[in-house]
Amino acid sequence: MHRFYLPPGSARGDSLRLDGREAHHALRVLRLKRGELVAVLDGAGNEFLCTVENSSRDAVTLSVSLKNFTPPPPCSVTLLQAVPKGKIIESIIQKAVELGARRIVPLLTERVVTHLDDGDAGHKRDKWQQVAVEAIKQCGAAWLPEVVAPTTIAQVLNPNPSAFSLQPLAFDLSLIGSLQKERRHPRECFQDFQAKHGRLPQSIGVWIGPEGDFTPEELDAIQAAGALPISLGRLVLRVETAAIYCLSILNYELNSVL
């Protein structure tokens with residue numbers, strides 16, 4: 001069954017309308033016909049099972065036959081990812097969606113090649129948010145992660161509300177993939193948290209550095225803000241592998257006790 005996306009404000013009632021990018025895909029790529037079954041996701045937990053009712057040159061009308069709601073996961077995971085060169089970040093965003101991240105924060109670190117002004121950052125954010133939209137359509141995720149505009153570590157740790165849109169981030173548990181000697185297995189961090197609080201964390205932030213890792217100064221700042229260095233094994237992983245590795249571990253630890 002083909003899936004489409006409509007934002008929550010447009011996904012209401014017994015009849016839904018696809019236009020723009022979604023209508024083009026339905027009409028020009030998939031060539032949907034009247035009576036075909038499709039699904040529509042709103043990225044806020046709702047999935048609508050629909051039948052194609054009619055179509056025009058640039059729009060498709062759908063009749064809703066069933067609505068399903070999936071509650072949000074009990075733990076909100078934020079991936080704070082240093083932006084790698086090229087289009088690798090798009091693959092990371094896709095995998096982060098599949099692995100249940102609720103927010104993705106692209107980081108401009110000292111060892112990141114990419115440098116953006118405010119206009120470029122906004123454009124990148126819109127492009128990467130669309131990557132996340134396409135990912136939920138592919139995998140069927142009920143919740144659309146927020147992809148924020150690329151930002152610096154300093155802005156994440158000490159946001160200026162008058163100049164920066166990202167709200168201060170506070171996590172029950174903050175982890176950082178590390179190559180340092182002083183690092184722990186992620187499970188130990190979960191076990192310590194449960195022993196102290198009697199529950200699993202409800203919010204987790206995981207920091208992944210660029211090629212060459214964070215600088216010592218960046219590591220000090222992130223750890224001073226409460227991030228615990230965790231081991232990603234004995235090998236030096238590529239940036240995209242490290243992100244998938246960490247999110248997979250979180251998925252396993254959070255779901256193994258549910």
How about [X] and [Y]: do any of their side-chain heavy atoms sit closer than 4.5 Å?
X: Trp128; Y: Val83; answer: yes
X: Leu62; Y: Val38; answer: yes
X: Leu79; Y: Ile92; answer: yes
X: Glu53; Y: Ser63; answer: yes
X: Val156; Y: Leu107; answer: yes
X: Thr109; Y: Thr215; answer: no
X: Cys139; Y: Val97; answer: yes
X: Met1; Y: Leu49; answer: yes

message: Using only atom types and a distance under 3.5 Å, with no angle test, would you say the side chain of Arg183 pairs donor to acceptor with the backbone of Ser178?
response: yes
Modelled atom types, side-chain donor and acceptor of [X] and [Y], under 3.5 Å:
X: Arg125; Y: Gln129; result: yes
X: Glu134; Y: Gln130; result: yes
X: Thr78; Y: Arg103; result: yes

- request: Check the pair Glu253, Arg187 against salt bridge (charged side-chain N to carboxylate O under 4.0 Å, His left out), reporting the backbone distance first and the verdict last.
  value: CA-CA 7 Å; Glu253 294 295 338; Arg187 174 160 293 175; 2.9 Å; yes
- request: Starting from the C-alpha separation in whole Å, work towards a yes-or-no answer on side-chain contact (heavy atoms from CB on, under 4.5 Å) for Gln138 and Glu98.
  value: CA-CA 9 Å; Gln138 182 275 321; Glu98 293 176 25; 3.6 Å; yes
Distance (rounded to the nearest 0.5 Å) between [X] [atom1] and [Y] [atom2]:
X: Gln81; Y: Ile88; atom1: CD; atom2: CD1; answer: 9.5 Å
X: Leu175; Y: Cys246; atom1: CG; atom2: SG; answer: 7.5 Å
X: Ile230; Y: Leu228; atom1: CD1; atom2: CG; answer: 9.0 Å
X: Cys189; Y: Leu173; atom1: SG; atom2: CG; answer: 6.5 Å
X: Leu254; Y: Phe190; atom1: CG; atom2: CZ; answer: 4.5 Å
X: Ile208; Y: Ile244; atom1: CD1; atom2: CD1; answer: 10.5 Å

message: As a quick check of understanding, evaluate side-chain contact (heavy atoms from CB on, under 4.5 Å) for Thr70 and Glu47, giving each step before the final call.
response: CA-CA 8 Å; Thr70 301; Glu47 180 184 33; over 6 Å; no
Atom CZ of Arg21: over 12 foreign heavy atoms under 6.0 Å: no
message: Looking at Asp220, I want to see if its CG is surrounded by more than 12 non-hydrogen atoms of other residues, nucleotides or ligands under 6.0 Å.
response: yes
side-chain contact (heavy atoms from CB on, under 4.5 Å) between Ser15 and Thr61, intermediate numbers included: CA-CA 7 Å; Ser15 180; Thr61 302; 3.4 Å; yes
task: Would you sort out whether Asp213 and Arg111 count as a salt bridge (charged side-chain N to carboxylate O under 4.0 Å, His left out), showing the intermediate values?
output: CA-CA 8 Å; Asp213 206 0; Arg111 291 173 177 162; over 6 Å; no
task: Show your working on side-chain contact (heavy atoms from CB on, under 4.5 Å) between Tyr252 and Leu247 and close with a plain yes or no.
output: CA-CA 9 Å; Tyr252 177 81; Leu247 291 173; over 6 Å; no
message: Can you give me the closest heavy-atom contact between Ala121 and Pro150, atom names plus distance?
response: O-CD, 3.4 Å
- request: Please report the closest heavy-atom contact between Ala96 and Ile104, naming both atoms and the distance.
  value: CB-CD1, 3.8 Å
query: Looking at Arg17, Arg3, Lys137, which hits salt bridge (charged side-chain N to carboxylate O under 4.0 Å, His left out) with Glu22?
result: Lys137
message: For Lys127 and Glu90: C-alpha separation, side-chain torsions, deciding distance, then whether salt bridge (charged side-chain N to carboxylate O under 4.0 Å, His left out) applies.
response: CA-CA 9 Å; Lys127 178 181 179 181; Glu90 296 184 12; 3.4 Å; yes
message: With salt bridge (charged side-chain N to carboxylate O under 4.0 Å, His left out) as the criterion, how do Asp172 and Arg199 come out once you've worked through the C-alpha distance, each side chain's angles and the decisive distance to 0.1 Å?
response: CA-CA 11 Å; Asp172 280 354; Arg199 61 172 176 83; 3.1 Å; yes
